[in-house]
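As structure tokens, the structure follows; a few thoughts come after it.
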Amino acid sequence: MNQVLFEGRLLVNMISTLIHKGALQVRYGRMNWERMFRTSDYHRVANIIYLGLLGNGGAVSERWMNRFFERYQESLINGGGCEAAEREILTLLDMEKIPCVVLSSTTIRGLYELQETADMSPLRLYLSPEAYTIVKGFLVDLGYETIQSYPEFGERMNRISGMNVDIYQKLPFKTKYYEKAMRDLSARARIRNGGITVRTLYPEDRMVFRLASVAYQYVTDGLLIRDMLDLFLFHRAWREQINHTYIKKRLHDFHIDVLADKILRLSYMWFGEKEDKEYLNTGDQPEDLSSFDILEDRIFSRGEIGKEKENDPQALGLMRLLNKEEEIESRKARKETLQKKRAERKKARSRFFHWIFPDYKYMSSLYPTLEKMPFFLPFYWVFRGIRLLIGMLKNKDQ
């Protein structure tokens, strides 16, 4: 088995066992813990894996045990203030009467039995371009700084010992289906309890947003184990209360209803217990399980394995649309670069022309006689040019 796939499946098994308080059965001594740390850190689950390494009899070297502990400690220390920081921001936006939509929040942390095993899930805000500038200023005043930019869409801001805040002036999804469906979701948002202008999504729409996001991340090879775990926990918490028919209809608008269902089923295969799997009837499905193997391979390998075997029509369709959008953006970028170069060449020619043939005012300052005889301007251009040429030749001889 490929090492990357082995590590991914091992991480999933460890996490599933830990969240269900089972007994881990791992041969720690055979592991390359540098690779395991880097893989778990990439998938943002190193803080969970740390708990699985406790009491392992020293099989993990002190160096890498400490690195796992650092991630656990960061989550333990910084995670406790996430809810307060979120309330501070949303209260400020309400006080200033700035309209926005909360796409996702730190409430996902409450679904983890041990909150220090949760991720530093960002508060995601969707704003108008005008409000975007104002809110960014507020966050800077509160001590946040940009740590990641999403060109044309927005940015991620962070405060030391605080949480991440994603602010968007345009939702970070391409293709016309996603853009329209996301606009429809945000238009349905309601004013939050006790709020004034800050709106939140209904539980069904939060589920749609989360499923649409993981499907998009999957086809762009950015889906993480942590995203799958959050999806599983969120769905399990709300599955008895949400309208599944409505969700399926909304996902159909994104053209990903089958793909999203498959990803959700995989999250239950990874992290669900027997009753969870029975809820989705995964044991009775006549589906080709090889399609789930492709899902796993792409997620674990970041798209390096399994992409060429992709057989899901909706995944292939979304990939084609995204490739088309990227080609359009590439052509647009090349056109803008070409136009910029042309403008620079034109500007350079203009500067050269004005250097050879300065305007009347400048020439009059050099040759006062021109003020009385402006019709001699061409003659003085030639005269000045000869003087400059003689000066250049003299400097060359020296």
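If you're wondering where the values come from, they're calculated on a predicted model, not measured in any experiment.
- Of all heavy-atom pairs between Trp381 and Ile356, the closest is CD1-O, 4.4 Å.
- The only member of Ile247, Leu211, Leu251 that meets side chain to side chain contact (heavy atoms under 4.5 Å, CB included) when paired with Asp257 is Leu251.
- Taking 4.5 Å as the limit, some side-chain heavy atom of Arg342 sits within range of a side-chain heavy atom of Arg345.
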Kindly determine whether Lys335 and Gln339 satisfy side chain to side chain contact (heavy atoms under 4.5 Å, CB included), including the steps that lead there.
-> CA-CA 6 Å; Lys335 184 178 179 181; Gln339 290 175 341; 3.4 Å; yes

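- Across all their heavy atoms, Ser301 and Leu5 have their closest contact at CB-CD2, 4.4 Å.
- A side-chain donor-acceptor contact under 3.5 Å links Gln314 to the backbone of Val258.
- Leu185 and Tyr202 fall into different hydrophobic clusters, where Ile, Leu, Val, Met, Phe, Trp and Tyr side chains are chained together by heavy-atom contacts under 4.5 Å.
- Note that CG of Asp312 is 10.0 Å distant from CG of Leu318, once rounded to the nearest 0.5 Å.
- Formation of a donor-acceptor pair under 3.5 Å by the His252 side chain with backbone atoms of Lys248 is not found in this model.
- When the ring-ring contact (aromatic ring centres under 6.0 Å, His included) test is applied to Phe300, the partners found at least two apart in sequence or on another chain are Trp270.
- By the side-chain contact (heavy atoms from CB on, under 4.5 Å) test, Leu224 is found to be paired with Tyr42, His43, Arg44, Asp227, residues two or more places apart in sequence or in another chain being considered.
- Within 6.0 Å of CZ on Arg387 lie no more than 12 heavy atoms contributed by other residues, nucleotides or ligands.
- Side-chain atoms of Ser75 come within 3.5 Å of backbone N or O of Ala118 as a donor-acceptor pair.
- Hydrophobic clustering of Ile, Leu, Val, Met, Phe, Trp and Tyr side chains at less than 4.5 Å, counting indirect connections, unites Leu264 with Tyr246.
- Inter-residue side-chain proximity for Arg199 and Pro99 is flagged as unmet; no heavy-atom pair is nearer than 4.5 Å.
- Applying the salt bridge (charged side-chain N to carboxylate O under 4.0 Å, His left out) test to every pair with at least one member in residues 176-186, sequence neighbours left out, gives these pairs: Lys180-Asp184.
- Contact check on Lys341 versus Glu344 returns no salt bridge, with no Lys/Arg side-chain nitrogen under 4.0 Å from an Asp/Glu carboxylate oxygen.
- Using a 4.0 Å cut-off between a side-chain N of Lys or Arg and a carboxylate O of Asp or Glu, Arg159 and Glu88 qualify as a salt bridge.
- Within the 4.5 Å cutoff, the side chain of Arg71 has no heavy atoms near those of the Ile48 side chain.
- With hydrogens and angles ignored, the 3.5 Å screen pairs no side-chain donor or acceptor of Glu86 with any backbone N or O of Leu123.
- Between Tyr168 and Leu103 the shortest heavy-atom distance is CD1-CD1, 4.1 Å.
- Between Leu259 and Val219, some side-chain heavy-atom pair lies under the 4.5 Å cut-off.
- Of all non-hydrogen atoms in Ala237 and Gln241, the two that sit nearest each other are O-NE2, 3.7 Å.
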Decide side-chain hydrogen bond (donor to acceptor under 3.5 Å, both in side chains) for Asp166 and Gln148; before the verdict, give the C-alpha distance in whole Å, the side-chain angles of both, and the deciding distance to 0.1 Å.
-> CA-CA 9 Å; Asp166 285 355; Gln148 185 177 357; over 6 Å; no

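- Of the charged side-chain nitrogens involved, none lies within less than 4.0 Å of a carboxylate oxygen, so that Lys340 and Glu336 do not count as a salt-bridged pair.
- To the nearest 0.5 angstrom, Leu10 atom CG is 6.0 Å from Met14 atom CE.
- Side chains of Asp119 and Tyr112: a donor-acceptor N/O pair is absent below 3.5 angstrom, by distance only.
- At least one side-chain heavy atom of Tyr177 sits less than 4.5 Å from a side-chain heavy atom of Leu321.
- With a 6.0 Å radius and a threshold of 12 heavy atoms from other residues, nucleotides or ligands, Tyr362 has its OH atom at or below the threshold.
- Distance OG/Ser104 to CZ/Arg124: 4.0 Å, rounded to 0.5 Å.
- Summarising the local packing, CD of Glu113 is surrounded by 12 or fewer heavy atoms from other residues, nucleotides or ligands at distances under 6.0 Å.
- The closest donor-acceptor contact from the side chain of Thr17 to the backbone of Asn13 lies under 3.5 Å.
- A donor-acceptor pair under 3.5 Å links the side-chain atoms of Thr197 to the main chain of Ile98, judged by distance alone.
- Within 6.0 Å of CD in Glu145 there are 12 or fewer heavy atoms belonging to other residues, nucleotides or ligands.
- Note that CZ of Phe234 is 4.5 Å distant from CZ of Arg206, once rounded to the nearest 0.5 Å.
- No cation-pi contact links Arg384 to Tyr367, judged by a cut-off of 6.0 Å to the six-membered ring centre and 45° from its axis.
- One finds no salt bridge joining Asp230 and Arg109 here, because no Lys/Arg side-chain nitrogen approaches an Asp/Glu carboxylate oxygen to under 4.0 Å.
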Would you please test Phe254 and Tyr216 for side chain to side chain contact (heavy atoms under 4.5 Å, CB included) and show each step?
-> CA-CA 10 Å; Phe254 285 87; Tyr216 192 94; over 6 Å; no

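- In summary, Glu204 and Arg250 do not engage in a salt bridge, as defined by a charged side-chain N under 4.0 Å from a carboxylate O.
- With Phe292 as the aromatic partner, Arg265 does not meet the cation-pi criteria of under 6.0 angstrom to the ring centre and within 45 degrees of the ring axis.
- Less than 6.0 angstrom separates the ring centroid of Phe69 from the ring centroid of Tyr50.
- Looking at every heavy atom in both residues, Ala215 comes nearest to Ile256 through CB-CD1, 3.7 Å.
- Within the 4.5 Å cutoff, the side chain of Thr117 has no heavy atoms near those of the Leu18 side chain.
- Closest heavy-atom contact between Pro203 and Arg190: CD-NH2, 4.2 Å.
- A heavy-atom distance below 4.5 Å is not found between the side chains of Asn47 and Glu116.
- Separation of atoms CG (Asn164) and CE (Met157) is listed at 11.0 Å; rounding is to 0.5 Å.
- Looking at heavy atoms from C-beta onward, Val135 lies out of side-chain contact with Val165 at the 4.5 angstrom threshold.
- When the side-chain hydrogen bond (donor to acceptor under 3.5 Å, both in side chains) test is applied to Ser330, the partners found at least two apart in sequence or on another chain are Arg334.
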Output, in order, the C-alpha distance, side-chain angles, deciding distance and verdict of salt bridge (Lys or Arg N to Asp or Glu O under 4.0 Å) for Glu70 and Arg67.
-> CA-CA 5 Å; Glu70 287 171 6; Arg67 295 297 297 276; 3.7 Å; yes

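- Of the possible polar contacts, one joining the Asp94 side chain to the Val198 backbone as a donor-acceptor pair under 3.5 Å is found.
- Using modelled atom types, one side-chain atom of Asn323 and one backbone atom of Met319 make a donor-acceptor pair closer than 3.5 Å.
- Residues forming a ring-ring contact (aromatic ring centres under 6.0 Å, His included) with Phe209 (at least two apart in sequence, or on another chain): none.
- Rounding to the nearest 0.5 angstrom, the gap separating the CG atom in Leu125 from the NZ atom in Lys136 is 14.5 Å.
- In this view, Tyr132 satisfies the ring-ring contact (aromatic ring centres under 6.0 Å, His included) rule with no residue, not counting sequence neighbours.
- Classified by interplanar angle (parallel below 30°, tilted 30° to 60°, perpendicular above 60°), the ring pair Phe379/Phe383 is parallel.
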